[in-house]
Student: 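Below you'll find the structure I mean.
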Amino acid sequence: MLSGCRETAFIYAITSAAVTHAVARSCAEGSIESCTCDYSHHSRGAPKSQGTIHGVKDWEWGGCSDNIGFGFKFSREFVDTGERGRSLREKMNLHNNEAGRTHVANEMRQECKCHGMSGSCTVKTCWMRLPNFRVVGDNLKDRFDGASRVMVSNAGSLRPYNPEHKPPTSKDLVYLEPSPGFCEKNPRLGIQGTHGRQCNDTSLGVDGCDLMCCGRGYRTQEIVVVERCACTFHWCCEVKCKLCRTKKTVHTCL
Amino acid sequence: MPGSVLENLSGKKLAVLVVLFLICQIICFLIGGLIAPKPSSTDTILATKCLDKTNNTAEWFYIRGENKCSTMNINVFSYEKYERIANQIVFSFQMPTPRDNIILDYSRWQQNLIGILQLDISYHPENEMKNRTVLTIDAKLGYRNQGDKDDDWKYYASSVEQRNLDCILEHKKDGYPYNCSFIPLFELGSLHHDFYLLNIRLPVDNEKGMNLELGKVDDMWLVAINQTGGFTKVWMSLKSIFFPFIVGILIWFWKRVHGLQRKPLLLEYMLLFLGTALTFLNLPLELLTLFYELPFMLLLADIRQGIFYAALLSFWLIFAAEHLMVRETQENQFKTYWKHLSGVAIGCIALFIFDLCERGVQLRNPFYSIWVTDIGTKIAMGFLIVGGISVGVYFLVLCWLIWQVFCNMRAKRANLPVMSQARRLHYSGIIYRFNFLMLTTLICAALTLIAFTLGQVSEGQWKWDEHQYLEYTSAFFTGVYGMWNIYIFALIILYAPSHKQWPSQIGILFFIY
């Protein structure tokens, strides 16, 4: 978290996305009762009155804005606190926070219902559906893989480190410096090292034994595990499984 | 219809009248755009999962206030013990949700409430769902009013409903969400009470095969749609303003027709019928819902609109037929047109029966919908297709009639110079009246279509920047409603019989030439 590397960018983005998502969800559940409505737009024709009655009257007049609006506002106030955007690092954090929120907004899906005369589409009402957070997380992971390294330009805005690259869009994650090595333990940076981690010998990605064990090699063991298998599931909470004894091959980094 | 006001009006007066109508039209549009909020608002509510310890279906499970239900986490599985707790989970929605730390309550100005369910179902390799699953929903709706105790929920309606749930899956990975269609759940024609509570169970029954194929439901959302109070207020004001104007002009029209020596003509009867249908539509009956619970208001609104459309379509047909200029003496008989009008009648009856099957039954069971069963869908489609075909036939007949009128018009116009003056005035009067109505009707119809399309587009686009100056959707509603009121007002004025008798008047202007 100390250095401005790729992983830090991801953590900032997913945190702000998660805050936005969770707050919007809680508003919908009614577990946060202080979720606000943006009445400024709806209430132009409404009769003016004072105090708490005002909010009720506005709601009656024009309804409430979407929960995601409050989620955004809350996330901006809560996650972006302390980031004044003066230093380069703060600019990076603000950009990644905003990117996280943009990904939540981007995955919102609109749905509409017709309820006009005899159910025809002369009157149509649309609303936005909150995305599943897994989908947001996946998108952010994709952006993590394609994050762009940036530096500050003379005008104060972020520009790509490699001048041949395109400038980062609002959905891209940005970082300032290359990631430190995660192979060896480094308590100062909070890195655990990869000694003793389980790896996948067939994968070519970062979970593969070649990359994860940093070329140190790995130990292969055969162990017998007792697992649940052949499960059948019934809504809501019933899973019927058998217990199976299976042999498993486990690879561990040296 | 010899000698209507339209022919005897000077060009200047007509221009003044048209400008006045245009100003009224723009005002109607702006009232909707600048004062009214969007016509309906949505409230997306996430279900709280309550645990029904005693399996007591008579109990109410609510989430705010004293003695609220004990919630549970349905993401906890039990591997070891076989437990049938699906029937004990109650998805609870309390409407409306609080905002700004204020407990909101529905106002009667908000008119109606539509409930739509959305399920979040996640994929697990052990129980892959089919693309279409039949879902059994046990739903119970209750209400409470301001001043009642927190637990004093009263029964409103309940039903066990079956709905088709269509789900598709993009990534077959453990825990990833299905993309499921939404389920229309209920429609309330009146929003009479302050708070509503919806309790839903998804009961599992091995013998009846209920919900056995259902996947892992993580969450349930309810989208509650209600008309906005502001829109109702603007709409009612608009209706209340139009109402006396149309009534007044109808009385004036009928006095004028009765003052004549002759019996009223068929077209004059049609105008009266059209005006009456519009008056019935304008009557702000919805104001009664502020005092009484009237769930049939949605059905009544459909019927009123239907009668108005029927009157308008019949009027156009008879108007075109009466201007055929084939017969010298108009027969003035409604009976002659039964063939022409049968299309309108069949269409209206089909749509009326369809409406009775949908909204009529909803009066007894708000959770009912004709579309959920396959047989119901076929019946509904049958009625709609019959309605659609009769509307198609109607427009074919109308186009054919109009084409005939234009052919006759061309023939008569060629002969005009050789006619006697009385006949010439008679025919040029008919031609002018017809062309004027054609032009105005076409303009109004085109504007309605444009407004409708723009309304659809503007509603379909999501506006992140909500600070727009004009509320287009509302503007289109008030604009179009105002336009047809003005159209019929103008028809009644302009096609009323004139006091000036035409053979004696020589210096009449005909704008058409």
Side-chain angles (χ1 to χ4, degrees), chain A residues 25-31 33-38 40-46 52 55-56 59-67 69 105 108 110-113 115 117-119 121-130 132 134-135 138 228 230-241, chain B residues 35-37 39-46 48 63-64 74 76-79 82-83 85-86 89 94 97-102 104 107 109-110 114 116 118 120 124 126-127 175-177 182 202 204 211-212 214 216-217 223 225 228-230 302 305 351 354-355 358 456 459-460 462 466-467:
Chain A
R25 224 183 110 90
S26 306
C27 286
E29 201 174 14
S31 49
E33 297 195 354
S34 58
C35 299
T36 55
C37 279
D38 180 15
S40 57
H41 163 64
H42 303 285
S43 65
R44 11 166 230 195
T52 50
V56 177
W59 178 75
E60 184 194 318
W61 177 264
C64 195
S65 51
D66 209 79
N67 291 319
M108 306 267 292
Q110 191 188 37
E111 288 184 339
C112 298
K113 159 91 178 153
H115 54 101
M117 182 190 169
S118 304
C121 285
T122 47
V123 187
K124 196 166 89 174
T125 304
C126 299
W127 65 92
M128 299 303 277
R129 191 174 179 171
L130 203 63
N132 188 298
R134 270 176 200 273
V135 181
D138 275 1
R228 293 190 177 88
C231 295
T232 54
F233 172 92
H234 283 292
W235 196 81
C236 86
C237 318
E238 179 196 316
V239 185
K240 276 193 241 173
C241 299
Chain B
I35 299 173
S40 45
S41 73
T42 55
D43 192 1
T44 315
I45 309 166
L46 179 63
T48 303
I63 48 185
R64 280 186 289 278
I74 61 171
V76 180
F77 298 98
S78 77
Y79 288 105
Y82 174 84
E83 270 184 318
I85 64 164
I89 301 170
Q94 202 169 328
T97 39
R99 299 280 171 170
D100 293 315
N101 291 320
I102 305 168
L104 297 170
S107 142
W109 284 104
Q110 286 164 329
I114 298 169
I116 292 158
Q118 285 178 322
D120 281 353
H124 290 280
E126 305 96 63
N127 72 330
Y176 274 66
F182 64 78
L202 301 175
V204 172
N211 290 334
L212 290 180
L214 188 62
K216 186 174 174 296
V217 181
V223 182
I225 303 176
T228 53
D302 283 355
Q305 241 173 315
L351 287 179
F354 164 74
D355 222 66
E358 174 85 1
Q456 296 281 309
E459 182 57 41
W462 182 250
E466 288 208 358
H467 293 277

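Numbers restart at 1 for each chain; the letters A, B, ... are given by sequence-line order, proteins then strands. Note that the structure is a prediction, hence the values are computed from the model and not measured.
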Student: Where does Thr122(A) contact chain B at under 4.5 Å (heavy atoms): side chain, backbone, both or neither?
Tutor: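 Contact with chain B: backbone and side chain both.
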
Student: Which value, rounded to the nearest 0.5 Å, describes the distance between Arg129(A) atom CZ and Phe182(B) atom CZ?
Tutor: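 Spacing of CZ (Arg129(A)) from CZ (Phe182(B)) equals 10.0 Å.
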
Student: Does the side chain to side chain donor-acceptor pair (under 3.5 Å) test come out yes or no for Asp138(A) and Tyr176(B), once each step is laid out?
Tutor: CA-CA 11 Å; Asp138(A) 275 1; Tyr176(B) 274 66; 2.5 Å; yes

Student: Identify which part of Val135(A) has an atom lying under 4.5 Å from any heavy atom of chain B, answering side chain, backbone, both or neither.
Tutor: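 Contact with chain B is through the side chain of Val135(A) alone.
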
Student: Determine the minimum heavy-atom distance between Thr228(B) and Gly63(A), stating which atoms define it.
Tutor: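 Nearest pair, atom of Thr228(B) first, then Gly63(A): CG2-N, 4.2 Å.
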
Student: If you count heavy-atom pairs under 4.5 Å with chain A, which of Thr44(B), Leu46(B), Ile225(B), Ile116(B) comes out on top?
Tutor: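 The candidate making the most pairs under 4.5 Å is Leu46(B).
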
Student: Can you name the nearest heavy-atom pair linking Cys126(A) to Thr42(B), along with the distance?
Tutor: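 Closest heavy-atom pair between Cys126(A) and Thr42(B): O-CG2, 4.2 Å.
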
Student: Would you mind checking which part of Glu358(B) comes under 4.5 Å of any heavy atom in chain A, side chain (CB onward), backbone (N, CA, C, O), both or neither?
Tutor: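 For Glu358(B), there is no contact with chain A at all, as no heavy atom is under 4.5 Å.
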
Student: What are the two closest non-hydrogen atoms of Trp61(A) and Pro37(B), and how far apart are they?
Tutor: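 Reported closest heavy-atom pair: O-CG, 3.2 Å.
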
Student: Can you tell me how far the OG1 atom of Thr97(B) sits from the CD atom of Glu29(A), to the nearest 0.5 Å?
Tutor: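 So the gap between those two atoms works out to 11.5 Å.
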
Student: Of the backbone (N, CA, C, O) and the side chain (C-beta and beyond), which part of Ile114(B) lies under 4.5 Å from a heavy atom of chain A, both, or neither?
Tutor: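 Looking at Ile114(B), just its side chain touches chain A.
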
Student: Hey, which of Cys35(A), Gly30(A), Ser26(A), Cys27(A) has the most heavy atom pairs under 4.5 Å with chain B?
Tutor: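 Looking at each option in turn, the highest pair count goes to Cys35(A).
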
Student: Does any backbone or side-chain atom of Ile45(B) lie under 4.5 Å from a heavy atom of chain A? Answer side chain, backbone, both or neither.
Tutor: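 Answer is both: backbone and side chain atoms of Ile45(B) are under 4.5 Å from chain A.
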
Student: Of the backbone (N, CA, C, O) and the side chain (C-beta and beyond), which part of Val217(B) lies under 4.5 Å from a heavy atom of chain A, both, or neither?
Tutor: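 Contact with chain A is through both the backbone and side chain of Val217(B).
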
Student: Given 3.5 Å as the limit, does a donor-acceptor pair link the side chain of Asp302(B) with the main chain of Ser118(A), or not?
Tutor: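 A pair under 3.5 Å: yes.
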
Student: Looking at Glu33(A), is its backbone amide N or carbonyl O close enough to the side chain of Arg99(B) to form a donor-acceptor pair, meaning the two atoms are under 3.5 Å apart?
Tutor: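 No.
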
Student: Do the non-hydrogen side-chain atoms of Trp127(A) and Gln118(B) ever get within less than 4.5 Å of each other?
Tutor: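 Yes - at least one pair of side-chain heavy atoms lies under 4.5 Å apart.
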
Student: Is the shortest heavy-atom distance from the side chain of Val56(A) to the side chain of Ile102(B) under 4.5 Å?
Tutor: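 The answer is yes, as the side chains (C-beta and beyond) meet within the 4.5 Å cut-off.
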
Student: Do you know the tightest heavy-atom contact between Ser41(B) and Gly62(A)?
Tutor: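 Minimum heavy-atom contact is CB-O, 4.2 Å.
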
